[in-house]
Amino acid sequence: QVQLVESGGGLVQPGGSLRVSCVASGRTFSSYAMGWFLQAPGKERIFVAAITWDGGKIDYADSVKGRFTISRDKAKNTVYRQMNTLKPEDTAVYYCAASSTWAGQTWYLPGKGPDHYNYWGQGTQVTVSS
């Protein structure tokens, strides 16, 4: 069983930066691919970024490329999302997710749909506003 706990969300001005962490419990976490999703009020959950279990492959949504960075520290069981040059349209609840599919396979990067992940964090609010 894997549990994911996010922290680091909050209110930031447009153009600002924020780093969000996702700490996982569970001894098999280090072999899982990880992802971040966002969900704005009244809208569906959409893909932000994903990283393979070893950090060797990364994918981003076009809307965040060049602004967001996903990384992981396996020793700390933690995945990070660094967000720079934030825009008001980035305002949403952000979710950390883990995929146990093809655990330990360095080539595996989950698809961009939420159904490719089977563990979810509780979500953290990020608000970009002046």
Side-chain angles (χ1 to χ4, degrees):
Q1 187 72 7
V2 173
Q3 290 186 324
L4 306 175
V5 178
E6 299 118 333
S7 63
L11 174 65
V12 61
Q13 292 187 341
S17 298
L18 204 60
R19 189 172 87 154
V20 178
S21 302
C22 172
V23 180
S25 61
R27 59 186 178 91
T28 55
F29 160 77
S30 61
S31 65
Y32 291 0
M34 301 293 296
W36 286 100
F37 287 75
L38 67 84
Q39 189 166 20
K43 297 188 176 181
E44 62 183 14
R45 195 167 297 187
I46 61 174
F47 172 78
V48 174
I51 187 169
T52 53
W53 80 273
D54 67 337
K57 292 183 180 179
I58 292 173
D59 191 21
Y60 295 100
D62 289 342
S63 59
V64 305
K65 280 181 181 176
R67 299 190 300 121
F68 288 15
T69 302
I70 185 173
S71 61
R72 70 189 298 167
D73 185 333
K74 292 172 62 179
K76 296 181 179 180
N77 273 2
T78 302
V79 176
Y80 303 98
R81 186 183 75 252
Q82 176 68 41
M83 303 181 290
N84 298 326
T85 319
L86 281 160
K87 306 174 182 179
E89 52 264 41
D90 295 321
T91 296
V93 176
Y94 285 78
Y95 294 90
C96 172
S99 172
S100 61
T101 304
W102 294 109
Q105 299 299 315
T106 57
W107 55 266
Y108 180 66
L109 203 58
K112 296 182 179 181
D115 55 335
H116 292 275
Y117 295 81
N118 47 344
Y119 297 101
W120 292 88
Q122 83 283 3
T124 183
Q125 177 71 44
V126 172
T127 302
V128 184
S129 175
S130 55

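Worth knowing before you read on, the calculation uses all heavy atoms, side chains too, and leaves out hydrogens, waters and symmetry mates.
Within 6.0 Å of atom CD in Glu89, more than 12 heavy atoms from other residues, nucleotides or ligands are found, so the atom counts as buried in its surroundings. Annotation: Lys76, atom NZ; neighbour count of heavy atoms from other residues, nucleotides and ligands within 6.0 Å does not exceed 12. The 12-atom threshold is not exceeded at CD of Gln3, counting heavy atoms of other residues, nucleotides or ligands nearer than 6.0 Å.
Defined by atom type and a distance below 3.5 Å, a donor-acceptor pair is present between the side-chain atoms of Ser100 and Asn118.
In this structure, CE in Met34 is found 9.5 Å from OG1 in Thr78, a value given to the nearest 0.5 Å. Atom OG in Ser63 sits 9.5 Å away from atom CZ in Phe47 (nearest 0.5 Å). The SG atom of Cys22 sits 10.0 Å away from atom CG of Asn77, with the distance rounded to the nearest 0.5 Å. Distance check: Tyr117 OH to Lys112 NZ gives 10.0 Å after rounding to the nearest 0.5 Å. Distance check: Asp54 CG to Arg72 CZ gives 8.0 Å after rounding to the nearest 0.5 Å.
A donor-acceptor pair is defined here as one N or O able to donate and one able to accept, closer than 3.5 Å; no such pair exists between the side chain of Trp36 and the backbone of Ala49. The main-chain N or O of Gln122 is found under 3.5 Å from a side-chain atom of Glu6 such that the two form a donor-acceptor pair. Remark: side-chain polar atoms of Thr124 are not paired, donor with acceptor, to backbone N or O of Ser7 under 3.5 angstrom. Looking at Thr52, its side chain does come within 3.5 Å of a backbone N or O of Lys57 through a donor-acceptor pair.
Here the closest heavy-atom approach between residue Pro14 and residue Pro88 is recorded as CG-CG, 4.2 Å. In terms of heavy atoms, Pro110 sits closest to His116 at CB-CB, 4.1 Å. Taking every heavy atom of both residues into account, Thr91 and Ala40 meet most closely at O-CB, 4.3 Å. Looking at every heavy atom in both residues, Gly9 comes nearest to Val20 through N-CG2, 4.2 Å.
One hydrophobic cluster, built from ILVMFWY side chains closer than 4.5 Å, cannot hold both Leu109 and Phe37; they sit in different ones. Linking ILVMFWY side-chain heavy atoms closer than 4.5 Å, directly or via other members, places Trp120 and Val93 in a single hydrophobic cluster. Residues Leu38 and Ile58 share a hydrophobic cluster, clusters being chains of Ile/Leu/Val/Met/Phe/Trp/Tyr side chains in contact below 4.5 Å. Put simply, Ile51 and Ile46 are part of the same group of oily side chains (I, L, V, M, F, W, Y) that touch within less than 4.5 Å, one to the next.
Among the candidates Leu86, Thr127, Asn84, Val128, the single residue satisfying the side chain to side chain contact (heavy atoms under 4.5 Å, CB included) test with Leu18 is Leu86.
In this structure the side chain of Tyr94 reaches within 4.5 angstrom of the side chain of Arg81, judged on heavy atoms. Using a 4.5 Å heavy-atom threshold, the side chains of Ser17 and Val12 count as separate. In this structure the side chain of Ser21 reaches within 4.5 angstrom of the side chain of Tyr80, judged on heavy atoms. By the 4.5 Å heavy-atom criterion applied to side chains, Met83 and Val48 are not counted as neighbours. In this structure, Arg67 and Asp90 have side chains that are in contact, with non-hydrogen atoms separated by less than 4.5 Å.
Aromatic ring pairs are classed by plane angle as parallel below 30°, tilted from 30° to 60° and perpendicular above 60°; the pair Tyr119 and Tyr32 is parallel.
Residues Trp102, Trp107 make up the rest of the hydrophobic cluster containing Tyr108, defined by ILVMFWY side-chain heavy atoms closer than 4.5 Å, directly or through other members.
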